[in-house]
**Student:** 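Structure below; questions to follow.
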Amino acid sequence: MSVSSKVAIGTWPLSGDFGVRSLRSIEESIQKAVDAGFKTFDTAPNYGLGFMESALGAVLAGDTSVKIITKCGNHPFKGKDFSPAALEQSIEQSLKRLRRDRIEGVFLHNPRAEIADYGPVIETLSKLKNDGILANIGISGAKGYDYSVVPDGVFDFFQQDANLLYLKEAKSAQPKFRKFFARSPLATGILSGKLSTASVFPPDDHRSGWLKGTRLESLVARVDAIREVLPAGIDVPSAARRFLLHSPAIDTVIFGIGRPEHLDGLIQDVGAGPLPEDLTKVLGDLHDADFNRPDSERSFGY
Ligand SMILES: NC(=O)c1ccc[n+]([C@@H]2O[C@H](COP(=O)([O-])OP(=O)(O)OC[C@H]3O[C@@H](n4cnc5c(N)ncnc54)[C@H](OP(=O)(O)O)[C@@H]3O)[C@@H](O)[C@H]2O)c1
């Protein structure tokens with residue numbers, strides 16, 4: 001399997017939730033991804049409160065070579081509701097916005113304690129799958145989600161944060177699912193290598209609410225620790241991307257794209273081959289040793 005086919009394009013950063021994007025830039029980003037051969041897109045009803053699905057629908061209308069996977073259960077303006085009626089309505093609205101009769105699949109969006117009994121959820125999604133509307137069904141887990149409540153062998157896909165800073169549930173949940181989608185390969189920008197302890201995000205970027213203060217300091221220190229083990233010629237984002245793209249345990253990596261230029265590094269790294277074996281091991285060990293950080297810094301979600 002070519003590494004290129006392991007790429008999915010994550011559309012959250014295009015949605016406006018990371019700051020305003022122009023329509024031209026959104027269209028260019030989507031089209032540039034397709035032209036580069038990246039034919040799978042990940043989105044959600046609440047990215048930009050429905051806007052992102054509508055934008056994908058408008059740009060990709062009629063292009064059946066492109067697969068779109070969206071989410072359900074976390075609704076624009078309303079929050080979470082995983083009841084059968086809410087899931088059906090959510091998927092119906094997504095199809096309208098995406099301008100498609102059928103899609104590659106849906107992930108349940110960030111369930112935590114809301115789903116105590118998976119029975120009705122599975123019944124609802126399985127019916128849509130049997131009707132040919134959804135090719136696959138999956139779960140997009142929140143960090144720390146307890147997958148033991150999920151029945152084995154029912155869901156096709158599972159999506160979870162997986163990057164050089166965080167590989168926890170990626171390892172533990174995998175046996176239950178057919179395919180693993182690693183998301184946030186640059187840790188939502190933390191592994192871009194551009195952040196410093198002085199970085200400040202604009203108020204309309206959702207990271208302004210949580211990527212600051214001691215949390216930012218701790219994360220910047222961990223990115224510095226990664227940078228220190230890299231040889232000349234491999235920067236932090238490139239190491240982060242190649243580590244995941246060549247991990248045999250990962251089926252798809254969802255790369256967040258917020259501007260056309262964000263695709264350049266990805267296109268380059270897809271053609272760059274795996275990292276040297278010893279470097280892959282050093283990076284894995286650094287993660288497993290939790291960057292040797294003190295207990296006082298371990299409660300930040302990462
Ligand atoms: N619970 C869920 O279901 C869930 C949660 C998170 C993500 N996701 C999905 O997974 C996708 C990927 O996650 P993510 O958006 O956090 O992705 P990511 O790939 O970890 O981070 C993307 C961000 O990194 C920054 N960046 C800096 N330099 C870059 C470069 N050269 N190339 C690309 N990005 C660069 C950009 O932000 P700046 O340049 O502004 O810093 C960009 O918005 C999302 O888009 C979404 O589809 C799902």
Side-chain angles (χ1 to χ4, degrees), residues 7-21 25-26 29-30 32-33 36 38 40-48 52-53 55-56 67-74 80 104-112 138-145 157-167 169-170 180-196 199-202 204-208 210-211 216 219-220 223 235-245 250 252-270 301-302:
V7 173
I9 300 300
T11 57
W12 189 20
L14 283 174
S15 70
D17 294 345
F18 289 62
V20 163
R21 302 284 182 263
S25 172
I26 294 167
S29 300
I30 296 170
K32 183 167 170 175
F38 305 138
T40 302
F41 286 79
D42 176 85
T43 192
N46 60 354
Y47 292 172
M52 196 60 236
E53 285 187 333
L56 275 175
K67 296 174 179 173
I68 300 181
I69 311 177
T70 192
K71 309 203 179 70
C72 59
N74 195 352
K80 290 189 202 173
E104 183 63 6
V106 290
F107 291 100
L108 295 166
H109 200 172
N110 275 10
R112 287 188 195 268
I139 298 181
S140 182
K143 280 209 199 76
Y145 184 56
F157 296 163
F158 124 83
Q159 174 182 149
Q160 184 60 254
D161 281 64
N163 54 57
L164 289 179
L165 298 171
Y166 190 88
L167 294 164
E169 286 97 21
F180 171 41
F181 287 62
R183 70 166 182 243
S184 297
L186 295 186
T188 314
I190 297 162
L191 287 165
S192 69
K194 292 184 302 195
L195 295 190
S196 75
S199 295
V200 178
F201 292 93
D204 64 347
D205 185 323
H206 77 99
R207 293 170 293 184
S208 62
W210 57 271
L211 195 45
L216 176 64
L219 287 162
V220 167
V223 175
D235 62 12
V236 174
S238 191
R241 286 188 282 251
R242 290 166 66 188
F243 182 91
L244 297 174
L245 280 171
I250 294 172
T252 300
V253 188
I254 310 176
F255 293 90
I257 298 301
R259 316 172 192 286
E261 312 83 83
H262 284 160
L263 284 155
D264 297 336
L266 175 58
I267 291 167
Q268 206 176 330
D269 286 333
V270 159
Y302 267 107

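Counting starts at 1 for both ligands and their atoms, following the listed order. Values below: all heavy atoms of this structure, side chains included; hydrogens, waters and symmetry mates excluded.
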**Student:** If we set the cut-off at 4.0 Å for heavy atoms, which region of T11 has an atom near ligand 1: side chain, backbone, both, or neither?
**Tutor:**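 The answer is the backbone of T11.
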
**Student:** Check for a donor-acceptor pair, side chain of D269 on one end and backbone N or O of R241 on the other, with a separation under 3.5 Å.
**Tutor:**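 Here the side-chain-to-backbone pair does not exist.
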
**Student:** Step by step, work out the side-chain contact (heavy atoms from CB on, under 4.5 Å) result for K71 and L108.
**Tutor:** CA-CA 6 Å; K71 309 203 179 70; L108 295 166; over 6 Å; no

**Student:** Please table the atom pairs, donor to acceptor, closer than 3.5 Å between any side-chain atom in residues 257-268 and protein atoms at least two apart or in another chain.
**Tutor:**
| unit_1 | atom_1 | unit_2 | atom_2 | d |
| --- | --- | --- | --- | --- |
| H262 | ND1 | G258 | N | 2.9 |
| H262 | ND1 | R259 | N | 3.3 |
| D264 | OD1 | K32 | NZ | 2.7 |

**Student:** Who's closest to atom 48 (C) of ligand 1 heavy-atom-wise, of H109, K143, Q159?
**Tutor:**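 Among H109, K143, Q159, the closest heavy atom to atom 48 (C) of ligand 1 belongs to Q159.
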
**Student:** Does P237 come within less than 4.0 Å of ligand 1, judged by its heavy atoms?
**Tutor:**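 No, P237 has no heavy atoms under 4.0 Å from ligand 1.
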
**Student:** For atom 32 (N) of ligand 1, what's the nearest protein heavy-atom neighbour? Residue, atom name and distance, please.
**Tutor:**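 Residue, atom and distance for the closest contact: H262 O, 3.2 Å.
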
**Student:** Do P237 and L186 come within less than 4.5 Å of each other through their side chains, counting heavy atoms only?
**Tutor:**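 Contact flag for P237/L186 side chains = yes.
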
**Student:** Could you say whether the N/O atoms of L186 and ligand 1 ever approach to under 3.5 Å?
**Tutor:**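 In this structure, L186 places an N or O atom under 3.5 Å from an N or O of ligand 1.
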
**Student:** Measure the spacing between CG of L244 and CZ of F255 and express it to the nearest 0.5 Å.
**Tutor:**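 Output value for this atom pair is 6.5 Å.
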
**Student:** Between the side chain of T252 and the main-chain N/O of V7, is any donor-acceptor distance below 3.5 Å?
**Tutor:**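 The answer is no, because no donor-acceptor pair under 3.5 Å joins these two groups.
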
**Student:** Ignoring hydrogens, just give me the one of G10, A8, P13 whose non-hydrogen atom is nearest atom 15 (O) of ligand 1.
**Tutor:**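 Result: the heavy atom closest to atom 15 (O) of ligand 1 is in P13.
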
**Student:** Which of the numbered atoms in ligand 1 are below 4.0 angstrom from a heavy atom of W12?
**Tutor:**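 What qualifies from ligand 1 is 6 (C), 7 (C), 44 (C), 45 (O), 46 (C).
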
**Student:** Which residue and non-hydrogen atom of the protein lie closest to atom 40 (O) of ligand 1, and at what distance in Å?
**Tutor:**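 It is R207 NH2, 2.7 Å.
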
**Student:** Is it the side chain (CB and beyond), the backbone, both or neither of S184 that lies under 4.0 Å from ligand 1, heavy atoms counted?
**Tutor:**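 Both the backbone and the side chain of S184 come within reach of ligand 1.
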
**Student:** Could you find the nearest protein heavy atom to atom 19 (O) of ligand 1 and give me its residue, atom name and distance?
**Tutor:**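 The closest heavy atom on the protein side is G256 N, 3.0 Å.
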
**Student:** Taking only heavy atoms of A187, which atoms of ligand 1 are found under 4.0 Å from at least one of them?
**Tutor:**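 Reading through ligand 1 atom by atom, the close ones are 20 (O).
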
**Student:** Side chain, backbone, both or neither: which part of E261 has a heavy atom under 4.0 Å from ligand 1?
**Tutor:**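 Under 4.0 Å from ligand 1, E261 contributes no heavy atoms.
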
**Student:** Strictly by modelled atom types, are T43 and T70 linked by a side-chain donor-acceptor pair under 3.5 Å?
**Tutor:**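 No.
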
**Student:** Between G141 and ligand 1, is there a nitrogen or oxygen pair with a distance under 3.5 Å?
**Tutor:**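 Between G141 and ligand 1 (N or O atoms, distance only) the closest approach is not under 3.5 Å.
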
**Student:** Here's one to test your reading of the geometry: is the NZ or CZ of K67 within 45 degrees of the ring axis of F41 and under 6.0 Å from its centre?
**Tutor:**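 Because its charged atom misses either the 6.0 Å distance or the 45° angle limit, K67 does not stack over F41.
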
**Student:** Answer with side chain, backbone, both or neither: which part of F107 has a heavy atom less than 4.0 angstrom from an atom of ligand 1?
**Tutor:**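 No part of F107 comes within reach of ligand 1.
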
**Student:** I would like to know whether I190 and L216 meet side-chain contact (heavy atoms from CB on, under 4.5 Å); could you show each step before the answer?
**Tutor:** CA-CA 9 Å; I190 297 162; L216 176 64; over 6 Å; no

**Student:** Provide, to 0.1 Å, the distance between atom 3 (O) of ligand 1 and the closest protein heavy atom, together with that atom's residue and name.
**Tutor:**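 Atom 3 (O) of ligand 1 sits closest to the protein heavy atom S140 OG, 2.6 Å.
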
**Student:** Among T188, D42, I254, which residue places a heavy atom closest to atom 20 (O) of ligand 1?
**Tutor:**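 Checking each option, the heavy atom nearest atom 20 (O) of ligand 1 is found in T188.
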
**Student:** Between T43 and ligand 1, does any nitrogen or oxygen pair lie at a separation below 3.5 Å?
**Tutor:**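 Such a contact does not occur with ligand 1.
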
**Student:** How far is atom 31 (N) of ligand 1 from its nearest protein heavy atom, and which residue and atom name does that atom have?
**Tutor:**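 Looking only at protein heavy atoms, the one closest to atom 31 (N) of ligand 1 is R241 NH1, 4.0 Å.
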
**Student:** Could you tell me how the ring of F181 sits relative to the ring of F157: parallel (under 30°), tilted (30 to 60°) or perpendicular (over 60°)?
**Tutor:**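 F181 and F157: tilted rings.
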
**Student:** Any luck finding a side-chain donor-acceptor pair between N163 and S184 under 3.5 Å?
**Tutor:**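 Looking only at side-chain atoms, S184 and N163 do not form any donor-acceptor pair under 3.5 Å.
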
**Student:** What residue and atom, counting heavy atoms only, is the protein's closest point to atom 1 (N) of ligand 1, and at what distance?
**Tutor:**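 Checking every protein heavy atom, the shortest distance to atom 1 (N) of ligand 1 gives N110 OD1, 2.6 Å.
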
**Student:** Between F201 and H206, is a side-chain contact (heavy atoms from CB on, under 4.5 Å) present by the stated rule, with each step listed?
**Tutor:** CA-CA 8 Å; F201 292 93; H206 77 99; over 6 Å; no

**Student:** Answer whether the closest heavy-atom distance between the side chains of L14 and I30 falls below 4.5 Å.
**Tutor:**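 Side chain of L14 against side chain of I30, heavy atoms only: contact under 4.5 Å found.
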
**Student:** Which residue owns the protein heavy atom closest to atom 25 (C) of ligand 1, what's the atom, and how far is it?
**Tutor:**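 Protein heavy atom with the smallest distance to atom 25 (C) of ligand 1: G189 CA, 3.6 Å.
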
**Student:** Any idea which protein heavy atom is nearest atom 5 (C) of ligand 1, and the distance to it?
**Tutor:**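 Protein heavy atom at minimum distance: R183 NE, 3.4 Å.
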
**Student:** What closest approach, in Å, do R112 and Y145 show between heavy atoms, and which atom pair accounts for it?
**Tutor:**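 Heavy atoms only, the tightest pair is O-CE1, 3.2 Å.
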
**Student:** Using a 4.0 Å cut-off to any heavy atom of Y47, which atoms of ligand 1 qualify?
**Tutor:**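 Selected atoms, number and element: 4 (C), 8 (N), 9 (C), 46 (C), 47 (O), 48 (C).
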
**Student:** When you compare ligand 1 with G258, is there at least one nitrogen or oxygen pair between them that comes in under 3.5 angstrom?
**Tutor:**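 Between G258 and ligand 1, no N or O pair is found under 3.5 Å apart.
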
